[in-house]
Amino acid sequence: MALDDATSAPPPADAVSANGLPADPLAPAEFCERFLPAWFTSVWRDGVPDAPPLALGLALRGDGGGEWCCRLQSGRLEVAAGGRDSADVTVVQSVEDWRGALWGGRGGAFGRALARAFAPSSAPALRAARLVPAGSAASLRAIDALVRISIVGEAAGDWSVDLRVGPGPIPEEPRAMLAIDVEDAAALARRELDPVSAVLSGRIEVRGDVALLLRLQAAGAELVARPTR
């Protein structure tokens, strides 16, 4: 579905939660194919200026799941079912953990940050950030790996999300894994805990290819530029 072809307006105010999401959880297909394009155009009515072509995938496993590809072309968003194999980065997650982050408060600081992105109050910051064109997406595509992030210690059980960086099939096992206690994740978000110190002290458990994680951090920082003050 192209941005300009979105047939659904954002839900009425009385059907929206405080963070801008519909009060009742949506099915993954409805979220991706109807809500997401409508939300995008409500934030970037004139498109994203100077944005590089970028394809982001979503692969949800479980009841109601599926695969979608969101393409940013000429600053406009197109969302379609399928086509995920060509995405620069794909979020891979269970439907339960995906829904838990957006509507259940799960995923610690990571989940809350994702849900908060849809809040109307976040729109100015989203518009102020900019994507940097010069080879940034190519840097992501070249990494070609699966990375897993887990938040542990939640009352409802551990929560995890995989990032398939680069196009192609989703590998069976991740090459690198990060595990963070829910309280430490909150401290990181508040900038009360230094990431390097947390890794060195074991408060962030790192397994697998550490060099891969450093490459991923550098590519992500290159892609998104903070506005200068």
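Predicted, not measured: the structure shown is a model, and the values here were computed from it.
- F40 has its ring centre no less than 6.0 Å from the ring centre of F118.
- Checked against side chain to side chain contact (heavy atoms under 4.5 Å, CB included), E183 has the following partners two or more places apart in sequence or in another chain: D181.
- Formation of a donor-acceptor pair under 3.5 Å by the E67 side chain with backbone atoms of A81 is not found in this model.
- A donor-acceptor pair is defined here as one N or O able to donate and one able to accept, closer than 3.5 Å; no such pair exists between the side chain of D88 and the backbone of G166.
- Here salt bridge (Lys or Arg N to Asp or Glu O under 4.0 Å) pairs that include residues 196-205, with residues two or more places apart or in two chains, are D184-R203, E205-R207.
- For T41 (side chain) and A38 (main-chain N/O), no donor-acceptor pair under 3.5 Å exists by modelled atom type.
- No side-chain heavy atom of L163 sits less than 4.5 Å from a side-chain heavy atom of T90.
- Looking at L36 and W68, their side chains never come closer than 4.5 Å, going by heavy atoms from C-beta outward.
- Across every non-hydrogen atom of A55 and C69, the tightest pair is CB-SG, 4.1 Å.
- No more than 12 heavy atoms of other residues, nucleotides or ligands shown are found within 6.0 angstrom of CD on E96.
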Apply the test side chain to side chain contact (heavy atoms under 4.5 Å, CB included) to residues L114 and L102: give CA-CA distance (whole Å), side-chain angles for both, the deciding distance (0.1 Å), then the verdict. CA-CA 7 Å; L114 176 61; L102 292 178; 3.8 Å; yes
List the atom pairs, donor and acceptor, that lie under 3.5 Å between side-chain atoms in residues 149-159 and the rest of the protein, sequence neighbours left out.
{"residue": "E154", "atom": "OE1", "partner": "R106", "partner atom": "NE", "Å": "3.4"}
{"residue": "E154", "atom": "OE1", "partner": "G107", "partner atom": "N", "Å": "3.4"}
{"residue": "E154", "atom": "OE2", "partner": "G107", "partner atom": "N", "Å": "2.9"}
{"residue": "E154", "atom": "OE2", "partner": "G108", "partner atom": "N", "Å": "2.9"}
{"residue": "D158", "atom": "OD1", "partner": "G153", "partner atom": "N", "Å": "3.4"}
{"residue": "W159", "atom": "NE1", "partner": "D97", "partner atom": "O", "Å": "2.9"}

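- With contacts defined as side-chain heavy-atom distances shorter than 4.5 Å, the pair V95/D63 does not qualify.
- In this structure, R127 contributes its side chain and V43 its backbone to a donor-acceptor pair below 3.5 Å.
- Here the rule is side-chain contact (heavy atoms from CB on, under 4.5 Å) with D162, and of V91, L146, I170 only L146 fits it.
- Taking 4.5 Å as the limit, some side-chain heavy atom of L60 sits within range of a side-chain heavy atom of P28.
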Go through the steps to decide whether D144 and R164 satisfy the test salt bridge (charged side-chain N to carboxylate O under 4.0 Å, His left out), and finish with yes or no. CA-CA 7 Å; D144 188 25; R164 197 315 179 204; 2.8 Å; yes
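- Listed for the R84 side chain is a donor-acceptor partner under 3.5 Å among the backbone atoms of G168.
- Residues D24 and W103 are not in side-chain contact: their nearest non-hydrogen atoms beyond the backbone lie 4.5 Å or more apart.
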